[in-house]
Structures are given as C-alpha cells and as structure tokens.
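Worksheet: the structure to be examined is printed underneath.
All values reported here derive from a predicted model rather than from experimental measurement. Numbering of residues begins at 1 and proceeds along the displayed sequence.
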Amino acid sequence: MLAMALVFFGAPAFAEGEDTSNGVNPAPERLRSGFAALDRPHGIIEGGAGILTLPAAEVCVERSSGCKEGDLSFAAETWQLFRGNVKFAFGAGIVLGLIPTAHPPHDDPEGIERDQTRSYLTFEGTIRYYPIVLREVEWWIGLTGGMVVVDDRFQVVTERDDRALLGPRGVTIRTEGGSLGFATGLAYELGPNWSLTGTLRYAEWFLPNTPAHDSFGDEASLTGPNEVVTLAFGIAYRLAL
C-alpha cells in the first residue's frame with residue numbers, strides 16, 4: 001500500500017539515464033578508467049628496443065682513406081617519468097646504440113691488425129604533452145635534450161707477442177656533445193598498470209668540428225652536427241604516487 005501511495009502522490013523517481021550521483025559517490029557511468037583516469041601523480045618507467053639511424057652522417061676513422069655515408073644501429077633504451085596529471089609528464093632517459101652497421105676503411109700500422117667498433121650513448125631529459133588521452137590509447141608529443149657520447153674503439157686482434165706484455169690491447173676515442181630534438185609516441189593499455197609503447201624521435205647531435213686522434217692517427221668517426229632518427233617499441237609500467 002505504501003508503494004502504491006508513493007507512486008500516486010508523486011514520489012520522486014529516477015528516469016533512465018538521469019544522474020544518480022549523490023555528491024560523494026559519482027555515477028557509475030561517469031567513472032573513468034585506463035589512461036583517462038590518470039588525474040593524480042604517477043611514476044612511470046619505460047623500456048624498449050629499436051633502431052637508431054644517422055641517415056646523412058659521414059662516418060670516418062681516417063678521412064684520407066674514405067668515409068661511409070649513414071649509419072644504423074640496434075638500440076636499447078629506458079626512461080623514467082613523473083606524470084603529474086593527464087596532460088603533462090617529464091623525466092629523463094638513456095639510449096644506447098650497440099651494433100652500428102657502418103664500417104669505414106682504415107689503415108693499420110705494419111704488422112698490427114686491429115678491429116674498429118663504435119657505440120652511441122645519449123642521456124636526455126624530456127617533457128611530454130598528451131593532446132589525446134582515451135581509455136585504452138593515448139598520443140603524446142614532446143621535446144628532448146641532453147648529452148651524447150660516441151665511443152670509437154680500436155682493438156688489436158693479432159696474437160700477443162713479446163712487444164705487448166703490459167697495458168690494454170686497444171684504445172678508445174671518446175667524443176662528447178649535445179643533443180636537441182622532438183619526439184612523439186603512442187601507448188596502448190594492457191592492464192591497470194601496464195601498456196605497450198611506440199616512440200619516434202628526431203634529434204640533432206652537436207659534436208666538435210675537429211675530430212680527436214689517437215697515437216696511430218685514427219680519428220673520431222663523427223664530427224659536427226648530425227641528424228638522428230630513432231624508432232623504438234617497448235613496454236611501460238606506472239604506479240600511483
């Protein structure tokens with residue numbers, strides 16, 4: 001009888017689709033999840049692998065013997081970020097180019113055979129802006145800048161004899177410079193804390209114009225400004241702070 005009376009005398013009823021929030025607990029349909037719910041500070045760590053390319057670089061170790069144009073290397077990277085809200089994040093990361101494919105010619109001293117290898121290391125800061133943030137997908141753009149180190153190693157590969165009793169069997173020429181660029185990336189939600197990532201970065205490396213030399217006359221492989229493009233895919237983990 002009480003229920004019938006409420007109906008007849010205009011007791012309030014909630015129409016379909018009406019906001020049922022009470023000022024304390026939001027309506028279920030208004031609850032956000034995934035990337036769209038990152039409205040509180042989070043710490044993020046990303047790890048990935050890909051390729052690092054220097055499409056127009058002149059790679060030389062003895063300019064008189066000739067150079068190779070361009071280089072491509074397998075690269076591993078890791079980034080740590082602080083994301084204060086849905087739209088902005090900042091942090092720093094390391095990219096390590098391990099296996100360059102360009103092998104410029106060089107002349108070894110008489111009676112000594114050497115192998116020349118090279119690696120790239122960058123340590124950069126970054127700031128990111130997220131113009132598109134959905135539940136399962138987000139897209140960001142950002143700036144990067146920091147330090148780059150190029151290591152050229154010349155290692156003796158001939159058998160050891162009485163002329164090489166002490167000291168290392170090789171020498172390293174280290175070149176340091178700066179980097180400045182921009183980046184963009186996508187992320188796809190895998191779970192409450194995990195996501196797949198894809199990143200494309202373009203940067204300019206600023207290295208000394210005059211190459212360093214070793215005692216045999218070998219030179220640093222890269223000089224001056226160089227354009228760098230990096231493509232990487234990886235995985236990210238985030239944790240609310």
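- Residues E69 and P55 share a closest heavy-atom pair of CG-O, 4.5 Å.
- Contact of the L186 side chain with the T197 side chain is not registered, since no non-hydrogen atoms from C-beta on lie closer than 4.5 Å.
- With T53 contributing its side chain and V229 its backbone, the two residues share a donor-acceptor pair below 3.5 Å.
- The backbone N or O of L241 lies less than 3.5 Å from a partner atom in the side chain of R40, making a donor-acceptor pair.
- A salt bridge is defined here as a Lys NZ or Arg NE, NH1 or NH2 lying under 4.0 Å from an Asp or Glu carboxylate O, and R128 with E46 meets this definition.
- Side-chain heavy atoms closer than 4.5 Å link hydrophobic residues (I, L, V, M, F, W, Y) into clusters, and following such links, possibly through other members, connects F123 to L96.
- Residue L54 holds its CG atom at 15.5 Å from NZ of K68, rounded to the nearest 0.5 Å.
- V95 is not connected to F233 by any chain of hydrophobic side-chain contacts under 4.5 Å among Ile, Leu, Val, Met, Phe, Trp and Tyr, and they are in different clusters.
- Remark: I44 CD1 to Q80 CD distance equals 11.0 Å, nearest 0.5 Å.
- The closest side-chain heavy-atom distance from N209 to T223 is not below 4.5 Å.
- D152 places no side-chain N or O within 3.5 Å of a backbone atom of T117 that could act as its donor or acceptor partner.
- Aromatic rings from Y130 and F88 are positioned such that their centres are separated by 6.0 Å or more.
- Considering CD1 of I94 and CG of L121, their distance stands at 6.5 Å, rounded to 0.5 Å.
- In this structure, CG on N193 lies 6.5 Å from CG on L239, to the nearest 0.5 angstrom.
- Using a 4.5 Å cut-off on side-chain heavy atoms (C-beta onward), T144 and T126 make contact.
- Shown here is E204, whose CD atom has more than 12 heavy atoms of other residues, nucleotides or ligands within 6.0 Å.
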Next item on the list: May I have the step-by-step check of side-chain contact (heavy atoms from CB on, under 4.5 Å) for V133 and W140, ending in yes or no?
Entry: CA-CA 9 Å; V133 181; W140 59 266; over 6 Å; no
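- The two atoms that bring E58 and L222 nearest to each other are O-CD2, 3.9 Å, heavy atoms only.
- A continuous path of Ile, Leu, Val, Met, Phe, Trp and Tyr side chains, each step under 4.5 Å between heavy atoms, connects W194 with Y188, placing both in one hydrophobic cluster.
- With hydrophobic clusters built from ILVMFWY side chains whose heavy atoms lie under 4.5 angstrom apart, L200 shares a cluster with L143.
- No single ILVMFWY cluster, assembled from side-chain heavy atoms under 4.5 Å apart, contains both W79 and F90.
- Here the shortest heavy-atom pairing between W139 and G185 reads CD1-O, 3.1 Å.
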Next item on the list: Check the pair S221 / V150 against side-chain contact (heavy atoms from CB on, under 4.5 Å), numbers first and verdict last.
Entry: CA-CA 8 Å; S221 58; V150 182; 4.0 Å; yes
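- The line from CG of L38 to CD of E138 is 6.5 Å long, rounded to the nearest 0.5 Å.
- Between atom OH of residue Y120 and atom CD1 of residue I99 there is a gap of 12.5 Å, rounded to the nearest 0.5 Å.
- Side-chain atoms of R238 do not come within 3.5 Å of backbone N or O of S195 as any donor-acceptor pair.
- Looking only at side-chain heavy atoms (C-beta outward), P208 and T175 come within less than 4.5 Å of each other.
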Notebook entry, point to check: Can you list the steps and then say if I173 with F154 is a side-chain contact (heavy atoms from CB on, under 4.5 Å)?
Noted result: CA-CA 8 Å; I173 302 176; F154 299 86; 3.9 Å; yes
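- Put simply, the side chain of F35 does not reach to within 4.5 Å of the side chain of V86, judged on heavy atoms.
- With hydrogens and angles ignored, the 3.5 Å screen pairs no side-chain donor or acceptor of T230 with any backbone N or O of R201.
- Here the closest heavy-atom approach between residue P100 and residue S73 is recorded as N-OG, 3.5 Å.
- Side-chain atoms of N226 come within 3.5 Å of backbone atoms of G224 as a donor-acceptor pair (strictly under, hydrogens ignored).
- No donor-acceptor contact under 3.5 angstrom links the side chains of D151 and T172, judged on distance only.
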